[in-house]
Amino acid sequence: MDHSKHTPLRPDELNTATVDGANVYGPDDSHIGDVAHFHGTGQTAEAVIDVGGFLGLGAKPVALPVSSLNFMRDENGKVHATTAMTKDQLKDLPEHKH
C-alpha cells in the first residue's frame, strides 16, 4: 500500500471515535494488528493494539503511545496506522491490562 498519498490525521482527530478498529501496518506493510481502544486524546494518548490471533480470538492487547504510530486516511477515507515496530516486537511488549 502506498501511504504517500494518504492524509495524516490532525491531532484533534486522534480520539476513540476516529481510530477504534483501525488496521495497523508494520514496516513491511503487513497487517500486524488493530486498534482495540484508545486512552486519552491527541498526541499524549495511548492506543491499545490487538496483535496476533485470528479474527480477534487469541489476540494480545498491547499499549503504544500514539507518537509511535502514524494515523492516516486512505483515498476512501478509511483510517489506518503504520508503525516502525514489527508484529514480533509488538508481541514482546507486556500485555495491556484494563
Side-chain angles (χ1 to χ4, degrees):
M1 181 181 315
D2 180 8
H3 299 286
S4 66
K5 296 183 173 142
H6 297 169
T7 307
L9 293 186
R10 298 181 317 269
D12 65 309
E13 292 180 291
L14 295 174
N15 58 56
T16 298
T18 306
V19 303
D20 270 9
N23 293 334
V24 179
Y25 297 93
D28 64 354
D29 217 24
S30 63
H31 177 249
I32 60 173
D34 300 301
V35 177
H37 61 276
F38 215 62
H39 294 288
T41 59
Q43 289 297 323
T44 60
E46 202 172 53
V48 177
I49 312 295
D50 282 340
V51 182
F54 181 70
L55 298 175
L57 300 174
K60 177 183 178 182
V62 297
L64 289 176
V66 168
S67 60
S68 68
L69 297 159
N70 297 308
F71 283 98
M72 60 194 85
R73 289 185 198 282
D74 66 14
E75 297 86 351
N76 299 317
K78 184 173 179 176
V79 174
H80 62 284
T82 60
T83 181
M85 297 182 75
T86 66
K87 186 180 225 176
D88 288 337
Q89 288 172 319
L90 289 177
K91 285 181 178 179
D92 286 343
L93 293 174
E95 183 172 345
H96 174 72
K97 303 288 185 191
H98 299 281

Under the salt bridge (charged side-chain N to carboxylate O under 4.0 Å, His left out) test, which residues partner Asp12, sequence neighbours left out? Arg10

Report the residues that fulfil side-chain hydrogen bond (donor to acceptor under 3.5 Å, both in side chains) with Thr18, sequence neighbours left out, ordered by chain and then residue number. Asn15

Backbone of Gly26 reached by a side-chain donor or acceptor of Thr86 within 3.5 Å: no

Given Val79, which partner from the list Thr7, Asn23, Leu9 fulfils the side chain to side chain contact (heavy atoms under 4.5 Å, CB included) test? Leu9

Mind checking whether Leu64 and Leu93 have side chains closer than 4.5 Å, heavy atoms only? yes

NE2-CG distance between His6 and Asn70, expressed to the nearest 0.5 angstrom: 13.0 Å

Close side-chain approach of Leu69 to Ile49, heavy-atom, < 4.5 Å: yes

Taking all non-hydrogen atoms of both residues into account, name the closest pair between Pro27 and Ala84 and its distance. CG-O, 3.4 Å

Return the set of residues passing side-chain hydrogen bond (donor to acceptor under 3.5 Å, both in side chains) with Asp20 (not counting sequence neighbours), or none when no residue passes. none

Do you know the tightest heavy-atom contact between Pro65 and Ser68? O-OG, 2.8 Å

With sequence neighbours left out, which residue pairs that include part of residues 71-88 fulfil the salt bridge (Lys or Arg N to Asp or Glu O under 4.0 Å) condition? Glu13-Arg73

Shortest non-hydrogen separation from Val62 to Pro94 and the atoms involved: CG1-O, 3.7 Å

Which pairs with one or both residues in residues 31-46 pass salt bridge (Lys or Arg N to Asp or Glu O under 4.0 Å), sequence neighbours excluded? none

Show which residues join Met72 in its hydrophobic cluster (side-chain heavy-atom contacts under 4.5 Å, direct or indirect), or state none. none

Does some side-chain heavy atom of His37 sit less than 4.5 Å from a side-chain heavy atom of Thr16? no

Please work out which of the three classes, parallel, tilted or perpendicular, describes the rings of Phe71 and Phe38, given edges at 30° and 60°. perpendicular

Closest approach of Pro61 to Val48 (non-hydrogen atoms, all atoms of both residues): CB-CG1, 3.8 Å

Looking only at atom types and distance, does a side-chain atom of His3 sit under 3.5 Å from a main-chain N or O of Lys5, one as donor and one as acceptor? no

Specify the closest pair of heavy atoms between Ala59 and Gly52, including all atoms of both residues, with the distance to one decimal. CB-O, 3.4 Å

Taking the side chain as every heavy atom from C-beta outward, state whether Leu14 and Thr41 have any pair of such atoms under 4.5 Å apart. no

State, to 0.1 Å, how close Asp50 and Ala36 come at their nearest heavy-atom pair, and which atoms those are. OD2-CB, 3.5 Å

Could you walk me through whether Val24 and Val35 pass side chain to side chain contact (heavy atoms under 4.5 Å, CB included), step by step? CA-CA 7 Å; Val24 179; Val35 177; 4.0 Å; yes

